[in-house]
Amino acid sequence: MTSELAQFLKSPKTVSIVGCPFSGGQPKIGVDEGPIHLVEAGLVNQLQELGWNVKFDGHHQFEDIKYTLSSSSATASSPAAGTDNDTSTTSNHWDPPIGILKNPRLVSRVCEEVAKVVSGHAKKGELPVTLGGDHSLAMGTISGTLDAHPSAGVIWVDAHADINTAATTESGNIHGMPVSFLMGLDGNHQAFSDYNKSNSPSLETPFAWIKPVLKPSSIVYIGLRDVDSGEKKILKDNGIKAFSMHDVDRYGIGKVVEMALDYLNADNTNPDEVRPIHLSFDVDALDPSVAPSTGTPVRGGLTFREGHYICERIWETGALVGLDLMEVNPSLEDDVSVKQTVAVGCSLVRAALGETLL
Ligand SMILES: NC(=[NH2+])NCCC[C@H](N)C(=O)O
Ligand SMILES: [Mn+2]
Ligand SMILES: [Mn+2]
């Protein structure tokens with residue numbers, strides 16, 4: 001471990017907010033407004049009050065990426081604005097589906113950009129906090145974290161495993177797939193090589209930039225309760241560690257988090273030092289009664305305290321090097337629900353960044 005990293009792990013001083021108003025990994029409009037609501041709710045001030053130096057210079061404008069994508073295609077056309085709450089049928093000449101994967105080039109380009117931004121902050125010794133946006137963005141955040149901290153392990157808190165491949169996804173929504181791309185799983189290679197054979201040369205092949213940097217033994221899930229059958233097989237075949245809601249019920253959240261941390265640290269390449277941790281938190285890990293405004297709610301989720309406990313305990317380790325807070329969708333449910341979900345999102349981030357109860 002470099003001395004800067006050792007120093008950073010001891011006393012991180014600066015957090016960089018990476019606001020990602022992006023919804024291309026799933027069909028519901030509104031999740032792109034998540035980061036705007038989180039910041040408008042006062043997140044920057046709240047973190048300053050915890051003693052952080054907060055860097056935030058506006059949300060990232062992925063419109064540029066959409067523009068260059070559309071103008072680089074010979075058959076360019078402007079994307080039709082979705083008027084209803086489902087943009088999944090909106091497909092463009094410059095980003096046609098690959099198999100059933102929707103918006104593959106757009107998602108790929110946005111995540112590539114996010115990876116550069118996150119890695120840039122992390123290499124300066126800052127703690128990047130990425131606000132989504134949909135969970136496909138984690139391809140960018142985790143690539144960025146692992147670029148700066150190659151030994152980092154990932155704790156993925158979610159109702160879903162988000163590990164479908166092009167061969168297993170039933171929805172074609174890429175927010176259900178980021179982990180498979182980060183691991184370089186086979187089901188993607190096959191789909192993309194089939195695609196390459198029939199590709200029209202004017203269209204780019206997405207996801208070629210992603211390095212399969214995430215080992216199956218470097219991630220642990222907490223909160224799972226809606227895992228597709230193809231995903232169950234992937235988790236099993238790759239021996240991936242996962243604590244479902246069944247395990248939370250059985251052992252309690254305290255024990256589950258200790259087991260998750262022990263698991264990651266057992267695989268530490270440098271056992272003398274604490275292993276850096278990237279926490280990717282999908283707000284739908286929480287029960288819909290706690291966080292209703294999200295695109296794929298699943299009942300039977302984490303309580304308010306269980307969600308916060310995970311964040312608090314990871315902060316306590318002193319090993320946090322990257323944080324994602326994803327899938328807050330302020331267009332879903334009523335005003336009270338939106339306020340509640342945004343407030344919970346902010347307090348999860350504060351808990352992961354050192355807010356204590358006493
Ligand atoms: N990040 C999320 N909320 N993912 C939900 C994924 C749902 C489902 N497994 C799919 O692949 O479509
Ligand atoms: Mn989810
Ligand atoms: Mn997710």
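We use all heavy atoms of the structure for the numbers below, so side chains are in, but hydrogens, waters and symmetry mates are not. Positions are given from 1, in the same order as the sequence printed here. For ligands, and for the atoms within them, numbers begin at 1 and follow the listed sequence.
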Trainee: Please list, by chain and number, the protein residues whose heavy atoms come under 4.0 Å of ligand 1.
Mentor: H135, H160, D162, N164, S171, H175, G176, D228, E231, D282, D284, T296, E327

Trainee: Quick check, are the ring centers of W156 and H135 under 6.0 angstrom apart?
Mentor: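 Yes, they do, as the ring centres are separated by less than 6.0 Å.
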
Trainee: Can you pull the side-chain hydrogen bond (donor to acceptor under 3.5 Å, both in side chains) pairs that have at least one residue in residues 246-257, sequence neighbours excluded?
Mentor: S244-D247

Trainee: Got a sec, which residues hit side chain to side chain donor-acceptor pair (under 3.5 Å) with K233, two or more places apart in sequence or on another chain?
Mentor: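 Applying side chain to side chain donor-acceptor pair (under 3.5 Å) to K233 gives D237.
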
Trainee: Within the distance-only criterion (no hydrogens, no angle test), does the side chain of D287 pair as donor or acceptor with the backbone N or O of G301 below 3.5 angstrom?
Mentor: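 Yes.
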
Trainee: Is it true that R109 and E204 have a side-chain N and a carboxylate O under 4.0 angstrom from each other?
Mentor: yes

Trainee: May I ask you to decide whether R313 forms a salt bridge with E258, counting only side-chain N to carboxylate O separations under 4.0 Å?
Mentor: yes

Trainee: I would like to know whether R305 and E312 meet salt bridge (charged side-chain N to carboxylate O under 4.0 Å, His left out); could you show each step before the answer?
Mentor: CA-CA 10 Å; R305 275 305 309 155; E312 291 160 4; 2.9 Å; yes

Trainee: Please evaluate residues T141 and D324 with respect to the criterion side chain to side chain donor-acceptor pair (under 3.5 Å), reporting the C-alpha separation (whole Å), side-chain torsions for both, the decisive distance (0.1 Å), and the verdict.
Mentor: CA-CA 7 Å; T141 64; D324 311 329; 2.9 Å; yes

Trainee: Distances under 2.8 Å only: what protein N/O/S atoms are near the Mn ion (ligand 3), ordered by chain and residue?
Mentor: H135 ND1, D158 OD2, D162 OD2, D282 OD2

Trainee: Say whether D267 and S217, considering side chains only, have a donor N or O and an acceptor N or O under 3.5 Å apart.
Mentor: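 The answer is yes; a qualifying pair exists.
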
